[in-house]
Amino acid sequence: MSLDPKLLDILACPRDKGPLTYLEDESVLVNERLGIAYPIEDGIPVMLSDEAVDWPR
């Protein structure tokens with residue numbers, strides 16, 4: 001499921017307030033600076049700091 005481009009423009013990482021990279025195939029939003037990713041469940045980004053998972057840099 002694809003996310004609305006307007007939504008992607010306003011989403012920011014809750015930890016460092018920086019931009020995120022959307023990886024549609026993996027259903028995640030990635031913060032490459034911190035090496036973490038936020039899951040997207042049923043088309044809704046889970047932007048809770050505690051829900052972030054490690055992401056290989």
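All residue numbers refer to positions in the sequence shown, counting from 1. Basis for what follows: all heavy atoms, side chains included, without hydrogens, waters or symmetry-related copies.
Side-chain contacts under 4.5 Å among hydrophobic residues (ILVMFWY), followed directly or transitively, place V28 together with L23, V30, W55.
Partners of R15 under the salt bridge (charged side-chain N to carboxylate O under 4.0 Å, His left out) rule, at least two apart in sequence or in another chain, do not exist in this structure. Considering only residues two or more places apart in sequence or on other chains, D9 meets the side chain to side chain contact (heavy atoms under 4.5 Å, CB included) condition with none of them. The side chain to side chain contact (heavy atoms under 4.5 Å, CB included) check on P19 picks up R33, with sequence neighbours excluded. Applying the side chain to side chain contact (heavy atoms under 4.5 Å, CB included) test to L48 and every residue at least two apart in sequence or in another chain returns V46, E51.
Within 6.0 Å of the CD atom in E26, the count of heavy atoms belonging to other residues, nucleotides or ligands exceeds 12. Within 6.0 Å of CG in D4 there are more than 12 heavy atoms belonging to other residues, nucleotides or ligands.
Residues L3 and P45 form a side-chain contact, since some pair of their non-hydrogen atoms from C-beta on lies under 4.5 Å apart. Put simply, the side chain of I36 reaches to within 4.5 Å of the side chain of C13, judged on heavy atoms. Two residues are said to be in side-chain contact when any heavy atoms from C-beta on lie closer than 4.5 Å; T21 and L29 fail this criterion. In this structure, the side chains of I40 and Y22 come closer than 4.5 Å at one or more pairs of heavy atoms.
How far OG of S27 is from CD of E41: 9.5 Å, rounded to the nearest 0.5 Å.
Here the closest heavy-atom approach between residue S49 and residue P14 is recorded as N-CG, 4.4 Å.
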